[in-house]
Amino acid sequence: MKPVVIVIGGTDSSGGAGLSRDIATLTELGCEARPLVTAVTAQTDLAVHAVAAISPDHVAQQLSSALATGPVSAIKTGMLHSRETVLAVAEVLADFATIPLVIDPVLASSSGTPLLDLDGIAAIKTHLLPLCTLVTPNLPEARMLTGNEHPELQAKALLKLGAAAVLVKGGHGDGEMSIDRLFQSDLPAAEFAAPRLNTSLRGTGCMLASAIAANLGLGKSRHEACSLAKEFVSHKLRQAAI
Ligand code: PLP
């Protein structure tokens, strides 16, 4: 049987990011997706024009129903939109602590529109991070979540908040290589590097977190899941660059 992965996030009418990326990634990696919608966005590659939120109660009902449908191998969160939705998701997930949880802390679109309010960021820190197997911030997200500039200190702060592991992604950095750094409290830090490519592929954050969740669902370790996911996204970036 294919591992089932629940993905919780927003839809993107441009098809570039969000749930459609998650589902495509999971399907390609041999998993079955159970998608839950937190918000419906009207956006192009250049701008977010409108966001319609699904009520937090309804998100909680989607999540309870998805969990009741049958065994779940991993869960991934993306755009959560508001503090109330973060709290609703965290409340349900608190009873399912054994299922690997990957948090992609989506704070804004590439075009600069916030996709989570400030109270939502605080709620992720207090309510969701303590439940997660891994959180995958890019550098701006890690800065917003911790107020720190340095990946190691950012990771330390997120581990202190209760995350079991932190992958600080290097895609927004500079240098010839894009280096993602994995920090786990009881293990040495690990690095996953790939040549930096000049492409404008959207949704790579969604893709990476979904690929990690898929690999955790397939029984891989955190380290292996991050390594395989980095290679998966790098391959997609190379294809997009051709
Ligand atoms: N829209 C939705 C619904 C998303 O989930 C995300 C990212 O996860 C984005 C937009 C942002 O994607 P991008 O950084 O490619 O703009």
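In what follows, every heavy atom counts, from backbone to side chain, and hydrogens, waters and symmetry copies are set aside. Since this is a predicted model, take the numbers as computed values, not measurements. When a ligand or atom number is given, it counts from 1 through the structure's own listing order. Note that the numbering runs from 1 along the sequence shown for the chain.
Ion pair Lys236/Glu231 not flagged as a salt bridge, since none of the NZ, NE, NH1 or NH2 atoms sits closer than 4.0 Å to an Asp/Glu carboxylate oxygen. A salt bridge links Lys230 with Asp180; the closest basic N to acidic carboxylate O contact falls under 4.0 Å. Classification of Arg202 and Asp12 as a salt-bridged pair holds, one side-chain N sitting under 4.0 Å from a carboxylate O. Between Arg181 and Glu191 there is a salt bridge, since at least one side-chain N of the basic residue sits less than 4.0 Å from a carboxylate O of the acidic one. Using a cutoff of 4.0 Å between basic side-chain nitrogens and carboxylate oxygens, Lys76 and Asp22 are scored as salt-bridged.
Remark: ligand 1 atoms within the under-4.0 Å shell around heavy atoms of Val106 are 7 (C), 8 (O). Heavy-atom proximity to Ser109, at under 4.0 Å, picks out these atoms of ligand 1: 11 (C), 16 (O). Interface of Met79 with ligand 1, defined as ligand atoms under 4.0 Å from a residue heavy atom, comprises 3 (C), 5 (O). Close approach of ligand 1 to Gly10 (heavy-atom distance below 4.0 Å) involves ligand atoms 3 (C). Ligand 1 places these atoms under 4.0 Å from at least one heavy atom of Gly203: 15 (O). Near Arg202, meaning under 4.0 Å from one of its heavy atoms, ligand 1 places the atoms 10 (C), 12 (O), 13 (P), 15 (O), 16 (O).
Of the candidates Gly9, Ala209, Pro105, Gly18, it is Gly18 that places a heavy atom closest to atom 5 (O) of ligand 1.
Among all heavy-atom pairs drawn from Glu84 and Pro56, the shortest one is CB-CG, 3.5 Å.
For the ligand labelled ligand 1, residue Arg21 lies outside the 4.0 Å heavy-atom shell. Within the 4.0 Å heavy-atom shell around ligand 1 one finds Cys206. Between Thr11 and ligand 1 there is a heavy-atom distance shorter than 4.0 Å.
Looking from atom 14 (O) of ligand 1 to the surrounding protein, the closest heavy atom is Ser110 OG, 2.6 Å. Summary of contacts: the protein heavy atom closest to atom 6 (C) of ligand 1 is Ala17 CB, 3.7 Å. Of the protein's non-hydrogen atoms, Gln43 NE2, 3.8 Å is the one closest to atom 2 (C) of ligand 1.
Rounding to the nearest 0.5 Å gives a distance of 14.0 Å between CD of Glu28 and CD1 of Ile23.
Under the 4.5 Å side-chain heavy-atom criterion for ILVMFWY residues, no single connected hydrophobic cluster contains both Leu134 and Leu80. Linking ILVMFWY side-chain heavy atoms closer than 4.5 Å, directly or via other members, places Ile8 and Leu19 in a single hydrophobic cluster.
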